[in-house]
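Below, chain A is the first sequence line, B the second, and so on; all start at residue 1. All of these numbers come straight from a predicted model, not from anything done at the bench.
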Amino acid sequence: MPELPEVETMRRTVREVEGQRVLQVRWVRSRFRPLVVRPHRAAICRTLPGRKIQQVRRRGKYLVLVFDDRSALAFHPRMTGLVLVEDPPDWEHLRLELRLQGPGPRVLRFWDRRGLGTLELFAPGTWETQLAQGRLGPDALTISLGELRRRVGHLRAPVKVALMDQQRLAGVGNLYASEVLFQARVPPTLPCCRLEPHHWRRIHRALRTVLEEAIRYEGSTLADGTYRNALNRPGSYQNHHRVYGRAGQPCPRCKTPICRIVQAQRSTFFCPQCQKV
DNA sequence: CCCCAGTCCTGCGGGC
DNA sequence: TGCCCGCAGGACTGGG
């Protein structure tokens, strides 16, 4: 579930590790399948100890620790992963601890209940070309209108499905795709290539307003309670969702019941009245 | 290039 | 009470 607003909130709350030095890498064994690590654990154990954490960055849904030798460690939380400097929700799903030295937090943890999250080490000076430019599209928070149209405007895919393609624009997942399209008053099923310029202007504006609003509320913590920022605090944007998870409830704009449909095997929520062509 | 279905994983809640 | 099943979905894979 962590999408751009949740990972950005993680970044802001984990920034106090900047300037700290890594003392030790500790892989936590459990009954669950081991954490997926690229290229492999030995490389991380060899590289990290002694390195100073220079910056904590975010790109799309990835959180990136950039070290003093320009090597970088990217956390990808996927569905249930958390990066924490406080105690985790439980101890049995703790996957990794970095022991830290310095005036700030003593430890940085990666916790993941479902184990879909990944960890990836990048050689010095390579993370931006490999991850940020290679694998991901421009960040959804800062993408320009022209770039948005150039990257998705020609597709026959439904606009909601296209907005979630991380190679085209990075950071929007299932929850915020529905919220953005409601805010933009664009039907989620409309093929990208049938959208008009005014649709793209509204989508571009809604990307900024919805994602920034969600960041202000520190992201969404759904009913399962999983999502927490690095200080183990839940978000509150779930109290401001207009359509996500609200099937059958009245649209906040026109009171028409919100619809739920399935697109690309995922739930989409929208208002059939407000979101018309 | 494009698009779709299947897969990974764990916890939870409904049905019986 | 216990068990089975479906569901949640990000990103990757393989097929057409």
Give one of base, sugar-phosphate or nothing for [X], where a contact means two heavy atoms less than 4.0 Å apart.
X	answer
A/Leu155	sugar-phosphate
A/Arg78	base
A/Gln166	sugar-phosphate

Starting from [atom2] on [N], measure out to [atom1] on [X] and report it in whole angstrom.
X	N	atom1	atom2	answer
A/Tyr227	B/dT10	OH	C1'	20 Å
A/Met79	B/dT7	CE	C1'	14 Å
A/Gln265	B/dC8	CD	P	14 Å
A/Arg31	B/dT10	CZ	P	8 Å
A/Arg113	C/dG10	CZ	P	16 Å
A/Arg59	C/dA11	CZ	P	14 Å
A/Arg266	B/dT7	CZ	C1'	11 Å
A/Phe269	C/dC7	CZ	P	13 Å

Do [X] side-chain atoms and [Y] backbone N/O form a donor-acceptor pair below 3.5 Å?
X	Y	value
A/Arg21	A/Gln101	no
A/Arg260	A/Gly245	no
A/Glu6	A/Ser220	yes

Below 6.0 angstrom between ring centroids: does that apply to A/Phe110 and A/Phe75?
->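 For A/Phe110 and A/Phe75, the ring centres are under 6.0 Å apart.
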Exactly one candidate in A/Val152, A/Thr189, A/Leu181 meets side-chain contact (heavy atoms from CB on, under 4.5 Å) with A/Val159; the answer is A/Leu181
Is any N or O donor-acceptor pair between the side chain of A/Glu3 and the base of C/dG10 shorter than 3.5 Å?
->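 Checked by distance alone, the answer is no.
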Spell out yes or no: do the side chain of A/Arg114 and the base of C/dA8 have one donor N/O and one acceptor N/O closer than 3.5 Å?
->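 Answer is yes: a donor-acceptor pair is held.
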Closer than 4.0 Å, any side-chain N/O of [X] to the OP1 or OP2 of [N]?
X	N	answer
A/Ser267	C/dA8	yes
A/Arg260	C/dA8	yes
A/His93	B/dT10	no
A/Tyr244	C/dG9	yes
A/His154	B/dC2	yes

Listed nucleotide nearest any side-chain atom of A/Arg168, set B/dC2, B/dC3, C/dG10 =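 The nucleotide sitting nearest to the side chain is B/dC2.
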On DNA chain B, nearest-nucleotide positions of A/Arg156 versus A/Asp224: which is more 5'?
->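 In this pair, the answer is A/Arg156.
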